[in-house]
S.K.: 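My questions will all concern the structure given below.
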Amino acid sequence: LSVDGIDASGNQRLTVRPALEHLTVEAAYTLQPSGEIEPVDANAIQFQTETGDLFSDAQVAVLVFQGVTLDSTLVTVSTRTIATRRWPLPWSSLIGAYGGGPIERFEVQVRWDEDAEEPTVQHDVPLLRCTEGTRSIDCSVLSLDAVASDANVAWADVQRFVLISQRTSWDELVARELAIVNERATPIDLETVGIDVSDPERALQNIYRFVADGIRYVAFEHGSGAVVPRHARTTLERRFGDCKDKVALFLALARGAGLDAYPVLVASERYDAGRLFAPSWRWFDHMIACVDVPASEPQCFELTTNNAATGQLPSSLHGAVALELRANPSRAASPMELASPPVSWPVSFDVINDLRCDGEIVERVELTFRDAAAIGMRSILRGATSAERERWATDFYEGAMGGEYSPTFEFAGLDAPEKPVVLRSTNTFPPASPATELRQISEPDFWLNYFVKEQYGANKNHVERFVSRRY
């Protein structure tokens, strides 16, 4: 193990869903160079559940290894028994083949009952070899190097995986997923909800604002609830739901208004569609909705935030891997990447320096954040108190100007998602000398320098995903 490997792999996490599967840890120990074995203390095994506003029956068993040094080898042997018939989608299991340090031996053994459908095992792990036997598939590789880390890399795009699944295709997966969503997204009459659609140009905005602003994000993901949304009318009545619940409600309302809306699965931490080497819902962890717009590109909606303007996606989803769930696609279903705008973080700034006769300078700065930049600013500032906003703005200002100052601030657009976010500051600099004695005045462009510093690449091993900005 490396030092980083000890930090990353000294505790190993195994996730299990009791409603679907049973996990048995057969062995877990630290193997020392001398051959000594130090078993994981059963009393030190910790169990965790999901936190925040996501509630599920998933349990995480944390194995805390002891006696770990640079020369140690950590060994875990576990068996996962899965009741595939209980799951509404083609069953699959995705196993990451790399950790924070090198792996000395990696094995995957698959067994199935005589009356069960034969699974398929696919992977992109270099040198991993699989052999088939009687109701068995065994895969192994003697050693795997650690994946080099970087300051700015999507870990899921550099990780390697083994996918164990029922035999299916992307088209079959889309059909199953779409049938599940459509069953729970039957059209709702908008008049019964009180959404104004008298103006066709504002109908879509009103529907989006109703779901994004009026339905809280709370996730109940027990059992099949991890992939099956609640019925749109249930979410409407409760006034809360997770991403797929909110998508089902949005679809029901949009279709009630005669709009051609459809769901889209998103892998929110993956940006290379080519890395999805086989069909599985396991690649994806999020759902958004899109609407076909006549004579234009489809508009897509992130419904779990109320900080976005209609049809604006946060920068984290720009270029994210996605799978459109459409009934009659013009081409075979396959993963794609969401559109990335030419500028992912648009911000403009105006600086006016008012030179007084005594040499005093009054500086007025206006920073305007649009699109995804506005979403980001609202996520930081909208729920903050006035004092918290002032502290944040002061730190932000001093970070650009490089000193301690006491400007006054004014915020605009934080509670108006359809508008830009504007931060205005006023600061007074004492005179260095009377204006009558000045022959020239110049200063560096502090704000341009501040934003440009964030654009330096820091990656050494992987291609960096660059978020473009325009000034």
S.K.: Can a donor-acceptor pair be found between the side chains of Thr304 and Glu302 at a distance below 3.5 Å?
M.R.: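 Yes, because at least one side-chain N or O of Thr304 sits under 3.5 Å from a partner of the opposite role on Glu302.
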
S.K.: Less than 4.5 Å apart, side chain to side chain, heavy atoms only: is that true for Val291 and Leu204?
M.R.: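 Yes, side chains in contact.
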
S.K.: Salt-bridge test for Asp245 and Arg216: reply yes if a basic N is under 4.0 Å from a carboxylate O, no otherwise.
M.R.: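 Answer for the salt bridge query: no.
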
S.K.: Does the side chain of Ser280 come under 3.5 Å of the side chain of Ser92 through a donor N or O and an acceptor N or O?
M.R.: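 The criterion, which ignores hydrogens and geometry beyond distance, is satisfied for Ser92 and Ser280.
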
S.K.: Kindly say whether Val228 contributes a backbone atom to a donor-acceptor pair with the side chain of Lys244 at under 3.5 angstrom?
M.R.: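 A pair under 3.5 Å: no.
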
S.K.: Measuring from Leu251:CG to Met287:CE, what's the distance to the nearest 0.5 Å?
M.R.: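 Those atoms lie 8.5 Å apart.
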
S.K.: May I ask you to decide if Ala333's main-chain N or O and Glu324's side chain share a donor-acceptor pair within less than 3.5 Å?
M.R.: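 Answer holds: no.
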
S.K.: Would a distance-only check, ignoring hydrogens and angles, find a side-chain to backbone donor-acceptor pair under 3.5 Å from Gln66 to Val64?
M.R.: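 No.
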
S.K.: When Arg255 is tested against each of Asn182, Asp260, Thr186 for side chain to side chain donor-acceptor pair (under 3.5 Å), which residue passes?
M.R.: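 Exactly one option meets the side chain to side chain donor-acceptor pair (under 3.5 Å) with Arg255, and it is Asn182.
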
S.K.: Let me see the working for His231 and Glu183 under side-chain hydrogen bond (donor to acceptor under 3.5 Å, both in side chains), right down to the final yes or no.
M.R.: CA-CA 8 Å; His231 196 282; Glu183 182 181 349; over 6 Å; no

S.K.: Using every non-hydrogen atom in the two residues, find where Trp91 and Ile164 come nearest and quote the distance to one decimal.
M.R.: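 Heavy-atom minimum between the residues: CZ3-O, 3.5 Å.
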
S.K.: Evaluate the side-chain proximity of Glu177 to Leu89: yes if any heavy-atom separation is below 4.5 Å, no if none is.
M.R.: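 Touching, per the 4.5 Å side-chain cut-off.
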
S.K.: Here's a test for you: under side chain to side chain donor-acceptor pair (under 3.5 Å), which of Asn307, Asp371, Thr305 qualifies with Gln312?
M.R.: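 Among the candidates, only Asp371 passes.
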
S.K.: Determine whether a donor-acceptor pair (N or O, by modelled atom type, separation under 3.5 Å) exists between the side chain of Glu337 and the backbone of Ala320.
M.R.: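 No, because the side chain of Glu337 does not come within donor-acceptor range (under 3.5 Å) of the backbone of Ala320.
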
S.K.: Please round to the nearest 0.5 Å and tell me the distance separating atom CG of Asn11 and atom CD1 of Ile45.
M.R.: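 Here the rounded value is 11.5 Å.
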
S.K.: Centroid separation under 6.0 Å, is that true for the rings of Phe65 and Tyr29?
M.R.: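 Centroid distance Tyr29-Phe65: not below 6.0 Å, so no.
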
S.K.: When you measure from the side chain of Arg230 to the backbone of Phe220, do you find a donor-acceptor pair of N or O atoms at a distance under 3.5 Å?
M.R.: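 Indeed, once roles are kept as given, a pair shorter than 3.5 Å links the two residues.
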
S.K.: Can you measure from CD1 (Ile288) to SG (Cys243) and round to the nearest 0.5 angstrom?
M.R.: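 Answer rounded to 0.5 Å: 10.0 Å.
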
S.K.: Thinking salt bridges, do Asp285 and Arg270 make one under a 4.0 Å N-O criterion?
M.R.: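 A salt bridge is absent here (no side-chain N lies under 4.0 Å from a carboxylate O).
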
S.K.: So Val121 and Val108, do their side chains get closer than 4.5 Å, heavy atoms only?
M.R.: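 SC-SC contact between Val108 and Val121 ruled out.
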
S.K.: Taking the six-membered ring for Trp, are Phe284 and Trp170 parallel (under 30°), tilted (30 to 60°) or perpendicular (over 60°)?
M.R.: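 The rings of Phe284 and Trp170 stand perpendicular, inter-plane angle above 60°.
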
S.K.: Check the orientation of Phe396 and Tyr450. Use parallel for under 30°, tilted for 30 to 60°, and perpendicular for over 60°.
M.R.: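 Ring orientation, 0 to 90° scale: perpendicular.
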
S.K.: Check whether Asn206 reaches the backbone of Asp196 with its side chain - one donor and one acceptor, N or O, closer than 3.5 Å.
M.R.: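 Yes: the side chain of Asn206 pairs with the backbone of Asp196.
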
S.K.: Which value, rounded to the nearest 0.5 Å, describes the distance between Ile375 atom CD1 and Ser315 atom OG?
M.R.: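 OG of Ser315 is found 8.0 Å from CD1 of Ile375.
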
S.K.: Is Arg167 salt-bridged to Glu117, going by a charged N under 4.0 Å from an acidic O?
M.R.: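 Result for this pair is no, no salt bridge flagged.
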
S.K.: Can you list the steps and then say if Thr81 with Glu21 is a side-chain hydrogen bond (donor to acceptor under 3.5 Å, both in side chains)?
M.R.: CA-CA 5 Å; Thr81 304; Glu21 56 194 5; over 6 Å; no

S.K.: Check for me whether Arg238 meets the cation-pi criterion with Tyr217, that is, NZ or CZ under 6.0 Å from the six-membered ring centre and within 45 degrees of the ring axis.
M.R.: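 That pair does not qualify as a cation-pi contact.
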
S.K.: When you measure from the side chain of Ser140 to the backbone of Phe106, do you find a donor-acceptor pair of N or O atoms at a distance under 3.5 Å?
M.R.: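 Absent.
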
S.K.: Any donor and acceptor pair, going by atom type alone, linking the side chain of Thr192 with main-chain N or O of Asp189 inside 3.5 Å?
M.R.: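 Pair found, side chain donor or acceptor close to backbone of Asp189.
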
S.K.: Would you call Arg135 and Asp113 a salt bridge, using N to O less than 4.0 angstrom?
M.R.: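 Salt bridge absent between Arg135 and Asp113.
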
S.K.: State, to 0.1 Å, how close Arg160 and Asp124 come at their nearest heavy-atom pair, and which atoms those are.
M.R.: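 Scanning both residues completely, I find the closest heavy atoms to be CD-O, 3.1 Å.
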
S.K.: Are Arg239 and Glu237 within salt-bridge range, i.e. N to O under 4.0 Å?
M.R.: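 Looking at Glu237 together with Arg239, the answer is no, because their closest N to O distance does not fall below 4.0 Å.
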
S.K.: CG of Leu303 to CD1 of Ile215: how many Å apart, nearest 0.5 Å?
M.R.: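 The CG atom of Leu303 sits 10.0 Å away from the CD1 atom of Ile215.
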
S.K.: Taking the side chain from Arg378 and the backbone from Gly413, do they hold a donor-acceptor pair closer than 3.5 Å?
M.R.: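 Yes, Arg378 side chain to Gly413 backbone: donor-acceptor pair under 3.5 Å.
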
S.K.: Is it the case that the side chains of Glu38 and Gln32 hold a donor-acceptor pair, with the cut-off being a distance below 3.5 Å and no angle test?
M.R.: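 On atom types as modelled, these side chains qualify, holding a pair under 3.5 Å.
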
S.K.: What about the rings of Trp87 and Trp281, do their centers lie closer together than 6.0 Å?
M.R.: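 When the ring centroids of Trp87 and Trp281 are compared, they turn out to be within the sub-6.0 Å range.
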
S.K.: Judged by atom type as modelled, is there a donor-acceptor pair below 3.5 Å linking the side chain of Arg80 to the main-chain atoms of His22?
M.R.: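 No, Arg80 side chain to His22 backbone: no donor-acceptor pair under 3.5 Å.
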
S.K.: Would you give the length of the straight line joining atom CD of Gln166 to atom OG of Ser93, rounded to the nearest 0.5 angstrom?
M.R.: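 The distance works out to 12.0 Å.
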
S.K.: For the residue pair Gln109 and Ser136, confirm or rule out a side-chain donor-acceptor distance under 3.5 Å.
M.R.: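 Short answer, no.
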
